[in-house]
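Here is how names work: the chains are called A, B, and so on, in the same order as the sequence lines, proteins then strands, and each is numbered from 1.
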2 protein chains.
Amino acid sequence: MERFTPRIRDVARVAGVSTATVSRALSKPDVVSADTLKTVLAAVAETGYTINHAARNLRQQRTMSVVALVPNLANPFFSRILAGMSAVLTQAGYNLLVVDTEGPGVDRHIARTLDRSRADGLIVFDGLLPPEDLQPDRLRPPLVMACEWIEDLAAPRIRIDNAAGAGLAVAHLARLGHRRIGHLLGPEANVLARSRADGVRQELAARGLPVRPEWFLPGDYSLESGRRGARDWIAMDDRPTAMFCASDQMACGFIGEVQRRGFRVPQDVSVVGFDNIDLVDHITPALTTIRQPRWSIGEAAAKVMLSLMTDTDAPPPDTVLPVELIERESTSACAAI
Amino acid sequence: MERFTPRIRDVARVAGVSTATVSRALSKPDVVSADTLKTVLAAVAETGYTINHAARNLRQQRTMSVVALVPNLANPFFSRILAGMSAVLTQAGYNLLVVDTEGPGVDRHIARTLDRSRADGLIVFDGLLPPEDLQPDRLRPPLVMACEWIEDLAAPRIRIDNAAGAGLAVAHLARLGHRRIGHLLGPEANVLARSRADGVRQELAARGLPVRPEWFLPGDYSLESGRRGARDWIAMDDRPTAMFCASDQMACGFIGEVQRRGFRVPQDVSVVGFDNIDLVDHITPALTTIRQPRWSIGEAAAKVMLSLMTDTDAPPPDTVLPVELIERESTSACAAI
DNA sequence: AAAGGTCTTGTAATCGAATACATCATGTGT
DNA sequence: ACACATGATGTATTCGATTACAAGACCTTT
């Protein structure tokens, strides 16, 4: 066990070949002779050689890693998406690294530092990053937007049909006889939140149901804002009999608070969420929600990224994945007259 | 706007100085003259130069990034820890990258590829990684174990006193008059789970309460295993009146399932969790739990890592952070005679 | 005025692997 | 037997920055 870290030339010396041959033996085994290959591999084993990634990255001008920028890792929504991406990328020999773009102590301009010498690709899940940090140019690695997107930024998008998902939720409630349907909004600046709110309005209008601005309560996807939404709902004179929440987290906060204040779900208010995070199948009542195919979103994002990085032809500019209503216990027929 | 990516020598040419001077101007501004500095910065702006990290990493033999290996990003437990780490590391000029070590499509041996040429430090939250991939040697970056740890692996640890936390939970239940206290276990292989179970046994014994093996139900921290635990609990003839769950996720699964089967919490069974994830303050009943100082854990891990990477003297080998009981609504005085 | 110091800058080596090009041995076709 | 293709390997350059060392300019001290 030597005290220095072996380099390719140490392997070459031990194997009695040139460094070029060692390099070839390791990266394109089929171009060297079988004998040489065996000798080199033995020498690698003997020296304990491992490649120096910095050197390889410099020479090849690529890093074999893809960075995912996610807003708020605290949201369990992302975990399965990341797993789906990881599966595809690992398969293709790439590493997946995750960076949180939100919260105290986090640099908003992190994307600026993620140039080609750092990552071969960038998959962005945060629609609020400064576009100028991501504008494609020769320094920036290829970019894919997933879930959220940034207007005016030309990049392939992987997303679901948020408006349609919201429509499913509203249609489900309407079918149960609800005519007074409210919506707990996501953050104003968020494109998804806006699409969902639009979907709600469209579906309500299409069914001739009232679209009352005061029934669109402010929120920001968080548990805490779900709780605030519940208080707002309780404070109303003229309450909706059903609430569609733009995220499961808000739905949990909402349900928890209304129950604590003595209301029953779904008897006093039906609640629909959005995302289908693992948790919502386990709370009581189990949450009716709109399922996003999270694993598939991750897979699709990774595949588009791969084709962006390696293929010559352009990937699909916009991939829209299907959503689905999952009926559970938090919704029931409208009891009001 | 040229079509090539500018290099340091392009800046040097524009500024009319040598590449060495440009390099110094950018990394140690105080050693170059004020005039030169201004010229160089102007040239940088003009060319749009940004550094090539691969080249710098190769030359300096470091990457300025720290990788965190977490088991299962789906667990919201980690988010605030990561944020705490990120805050400290960003401050010190390091990047934090997160890699998930679990789930389908994930490479168990990921740690093997994370050598010095990839990361300057490794913070591991997964006690089940193969130790041989982490054994410190000249190739491996400095290592810190946080939350979990691996026996026989010499590395500084940041952790909480799990046994004491479990003790707090049991003591709380005992104080409420419970004499039949069960424990929903974490995964058998997990060191934390074992410590917590030991803490339960110790505290029960110390108080002269029964330690019945059939009241230690199997679990694995997951929501689903909480649900299974509930079914096991329901199936018992001779049920505990209180259950301490080794994770909040299990406590949620447990409470959801017993409620669904017609039991009330805390009237029919008191429940204590462990972790204090954000969610548990919002469900009904709000969960009584053991709080882990997650932000501080992250901060402490990052600080120890920094001293490992930069200082000459050794950091504390074992940092134990305090835990605390948070009393909410899921526990109440024992109703049984 | 010579000696020595400080400040600033340039020259050239270096980090470790990949690869363009050259070289040489062997095999194939006529 | 000659021309030429093929395969395997070596030599030397390259990726883009940092930095040891050298050197020049200028100032201070004796």
request  = Just call it for Ser33(B): base, sugar-phosphate, or nothing, with non-hydrogen atoms closer than 4.0 Å on any strand.
outcome  = sugar-phosphate

inquiry  = So which atom in Tyr94(A) and which in Asp120(A) form the shortest heavy-atom distance, rounded to 0.1 Å?
reply    = CE2-OD2, 3.7 Å

ask   = Want to settle it: does Ala20(A) or Arg24(B) sit nearer the 5' end of DNA chain C, counting the closest nucleotide to each?
value = Arg24(B)

note = To the nearest angstrom, the NZ-C1' distance between Lys28(A) and dA20(C) comes to 10 Å

Nearest-angstrom distance from the residue atom CZ of Arg9(B) to C1' of dG10(C) = 16 Å

task = Give a yes/no on whether any side-chain N or O of Tyr49(A) is located under 4.0 angstrom from OP1 or OP2 of dA17(C).
result = yes

remark   = Sequence neighbours excluded, the answer for ring pair (Phe, Tyr, Trp, His ring centres under 6.0 Å) partners of Tyr221(B) is none

key: Rounded interatomic separation in angstrom, taking CG from Asp35(B) and C1' from dA25(D)   = 15 Å

task = Check whether any side-chain N or O of Asp100(B) sits under 3.5 Å from a backbone N or O of Val98(B) as a donor-acceptor pair, and report yes or no.
result = no

ask   = Do any N or O atoms from the side chain of Asp137(A) and from the backbone of Arg140(A) form a donor-acceptor pair under 3.5 angstrom?
value = yes

inquiry  = Can you tell me how far apart OG (Ser18(A)) and CD1 (Ile8(A)) are? Round to the nearest 0.5 Å.
reply    = 9.0 Å

note = Here the distance between atom P of dT9(D) and atom CG of Leu37(A), to the nearest Å, is 10 Å

inquiry  = Mind checking if Val22(A) touches a base, just sugar-phosphate, or nothing, with heavy atoms under 4.0 Å?
reply    = nothing

Of residues 111-119 of chain B, the positions that come close to DNA chain C - non-hydrogen atoms, cut-off under 4.0 Å = none

ask   = Would Arg112(B) and Asp133(B) pass as an ion pair if we require N to O under 4.0 Å?
value = yes

ask   = Checking side-chain contact (heavy atoms from CB on, under 4.5 Å) against Val67(B), which of Leu122(B), Ile123(B), Val124(B), Asn95(B) comes through?
value = Leu122(B)

ask   = Which part of the nucleic acid, if any, lies within contact of Thr21(A), taking any heavy atom under 4.0 Å across all strands shown: a base, the sugar-phosphate backbone alone, or nothing?
value = sugar-phosphate

inquiry  = Can you pull out the residues from residues 50-63 of chain B that lie within a 4.0 Å heavy-atom distance of DNA chain C?
reply    = Leu58(B), Arg59(B), Gln61(B)

note = Correct closest heavy-atom pair for Arg294(A) and Phe77(A) would be NH1-O, 3.0 Å

request  = Starting at CG of Leu97(B), measure out to OG of Ser65(A) and round the result to the nearest 0.5 Å.
outcome  = 8.0 Å

ask   = Reckon Ser18(B) touches a base, only the sugar-phosphate, or nothing at all at heavy-atom distances under 4.0 Å?
value = base

